[in-house]
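Heads up: numbering here begins at 1 and tracks the sequence.
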Amino acid sequence: MKELTFDKSMIEEAQEWADNLGAIKNSITKGKGNYVGRLGELALAKHIGAGEAQDQSGYDLIFNGKKIEVKTKRRAVPPRENYIVNLAKTSRHQRPDIYAFLSAQFESQKSGQYKNLEKLWLCGYKSSEDYFNESTFYAKGDIDPGWKPTPQRKHYRFSADCYVMNISDLDGVI
């Protein structure tokens, strides 16, 4: 995993974009992740030299002729190799060539509210075809078999139908 850099202007642009967008149809987080999603797009575009984030309905960036869809997950801890990335079944209409998975690490999280963004991590990439061939499907309400119980939470239930893969199964390069 690689830590990505971001600056104040990227944060301001992402926040303004998120405020104007509102809730996204078929979004698992109902728009609560818009800000980090856009920040992830901006930071990855800068990191790989992709130019402007495209913000199309089926992809976010174009790099070397490939359409890339950026998926940024909020966390209150640094991502680990055994943590998961997921794509909601409702995202199957998107037709990117490649998925890029990022994690936004916050200082804390309570009741779904994340506070104080600390770091942005590039977890890896996967071609669209390989992702759906290699991922595991879980239905809404299924319990994540890889979840390690904690005193605060015995298990994790998927909040939507989704395709899941461990970070360790992602590719390190596009």
**Student:** Looking at Arg95 and Glu69, is there a salt bridge between them, counting it only when a charged N and a carboxylate O are closer than 4.0 Å?
**Tutor:** no
**Student:** With rounding to the nearest 0.5 angstrom, report the CH2 to CZ distance, Trp121 to Arg80.
**Tutor:** 12.0 Å
**Student:** For Asp142 and Ala139, indicate whether the former's side chain and the latter's backbone hold a donor-acceptor pair under 3.5 Å.
**Tutor:** yes
**Student:** What heavy-atom pair brings Tyr163 and Tyr131 nearest, and what distance separates the two atoms?
**Tutor:** O-OH, 2.7 Å
**Student:** Nearest 0.5 Å please: distance from the CG atom of Leu170 over to the CG atom of Asp130.
**Tutor:** 11.0 Å
**Student:** Do Leu44 and Tyr125 touch side chain to side chain, with heavy atoms closer than 4.5 Å?
**Tutor:** yes
**Student:** Using side-chain heavy atoms (C-beta onward) and a distance below 4.5 Å, is His155 in contact with Asp144?
**Tutor:** no
**Student:** Search all heavy atoms of Phe158 against all heavy atoms of Ile143 and return the closest pair with its distance.
**Tutor:** CE1-C, 4.3 Å
**Student:** Give a yes/no verdict on a cation-pi contact between Arg92 and Phe132, requiring under 6.0 Å between NZ or CZ and the six-membered ring centre and an angle within 45° of the axis.
**Tutor:** yes
**Student:** Testing the 3.5 Å rule here: is there a donor-acceptor pair between the side chains of Lys73 and Asn86?
**Tutor:** yes
**Student:** Identify the two heavy atoms, one from Ser103 and one from Cys123, that lie closest to each other, and give their separation to 0.1 Å.
**Tutor:** OG-SG, 3.4 Å
**Student:** Should Lys67 and Asp97 count as an ion pair when the cut-off is N to O under 4.0 Å?
**Tutor:** no
**Student:** How about CD on Glu118, more than 12 heavy atoms from neighbouring residues, nucleotides or ligands closer than 6.0 Å, or not?
**Tutor:** yes
**Student:** Take Asp161 and Tyr138 through the test side-chain contact (heavy atoms from CB on, under 4.5 Å) and record every step on the way to the result.
**Tutor:** CA-CA 6 Å; Asp161 292 350; Tyr138 290 97; over 6 Å; no
**Student:** Without swapping roles, check the side chain of Arg38 against the backbone of Ala14 for a donor-acceptor pair under 3.5 Å.
**Tutor:** no
**Student:** Mark yes or no for whether Asn166, through its side chain, and Ile84, through its backbone, hold a donor-acceptor pair below 3.5 Å.
**Tutor:** no
**Student:** Less than 4.5 Å apart, side chain to side chain, heavy atoms only: is that true for Val85 and Val164?
**Tutor:** no
**Student:** Ignoring hydrogens and angles, tell me if any N or O in the side chain of Asn64 forms a donor-acceptor pair with the backbone of Lys66 under 3.5 Å.
**Tutor:** no
**Student:** Do any N or O atoms from the side chain of Asp171 and from the backbone of Val173 form a donor-acceptor pair under 3.5 angstrom?
**Tutor:** no
**Student:** If every non-hydrogen atom of Tyr114 is compared with every non-hydrogen atom of Arg74, which pair is closest and at what distance?
**Tutor:** CD1-NH1, 3.4 Å
**Student:** Any chance you could lay out the side-chain contact (heavy atoms from CB on, under 4.5 Å) test for Glu134 and Lys126, step after step, and finish with the verdict?
**Tutor:** CA-CA 10 Å; Glu134 299 172 20; Lys126 199 57 122 171; 3.0 Å; yes
**Student:** How close do Pro79 and Ile167 get, counting heavy atoms only, and between which atoms?
**Tutor:** CB-CD1, 3.9 Å
**Student:** A side-chain contact here means heavy atoms from C-beta on lying under 4.5 Å apart; do Tyr35 and Ile11 qualify?
**Tutor:** yes
**Student:** Within a strict 4.5 Å, meaning less than it, do heavy atoms of the Ile98 and Tyr59 side chains meet?
**Tutor:** no
**Student:** Report yes if some heavy atom in the side chain of Arg153 is under 4.5 Å from a heavy atom in the side chain of Trp147; otherwise report no.
**Tutor:** yes
**Student:** Please tell me whether Phe106 and Tyr156 are part of a single hydrophobic cluster in this structure, the criterion being side-chain heavy atoms less than 4.5 Å apart.
**Tutor:** no
**Student:** To the nearest 0.5 Å, what is the distance between CD (Glu3) and CG (Leu122)?
**Tutor:** 11.5 Å
**Student:** What verdict does the side-chain contact (heavy atoms from CB on, under 4.5 Å) test give for Gln105 and Val77, after you've listed the backbone C-alpha separation in whole Å, the side-chain angles of each residue and the deciding distance to 0.1 Å?
**Tutor:** CA-CA 6 Å; Gln105 179 187 337; Val77 295; 5.9 Å; no
**Student:** Can you get from Ile174 to Ile62 by hopping between Ile, Leu, Val, Met, Phe, Trp and Tyr side chains that sit under 4.5 Å apart?
**Tutor:** no
**Student:** Could you state the interatomic distance from OG (Ser159) to NZ (Lys140), rounded to the nearest 0.5 Å?
**Tutor:** 7.5 Å
**Student:** Would you indicate whether the side-chain heavy atoms of Phe101 and Lys71 approach each other to under 4.5 Å?
**Tutor:** yes
**Student:** After noting the C-alpha distance and the side-chain angles of Leu102 and Leu120, does the key distance pass the side-chain contact (heavy atoms from CB on, under 4.5 Å) rule?
**Tutor:** CA-CA 7 Å; Leu102 282 68; Leu120 195 57; 4.3 Å; yes
**Student:** Where the side chain of Asp169 meets the backbone of Met165, is there a donor-acceptor pair that is under 3.5 Å apart?
**Tutor:** no
**Student:** Which atom names give the shortest non-hydrogen contact between Tyr99 and Gln94, and what distance separates them?
**Tutor:** OH-O, 4.3 Å
**Student:** Looking at CD of Glu41 and CE of Met10, how far apart are the two atoms once the value is rounded to the nearest 0.5 Å?
**Tutor:** 10.5 Å
**Student:** Flag the pair Lys2 / His47 as yes when at least one side-chain heavy-atom distance between them is below 4.5 Å, and no otherwise.
**Tutor:** yes
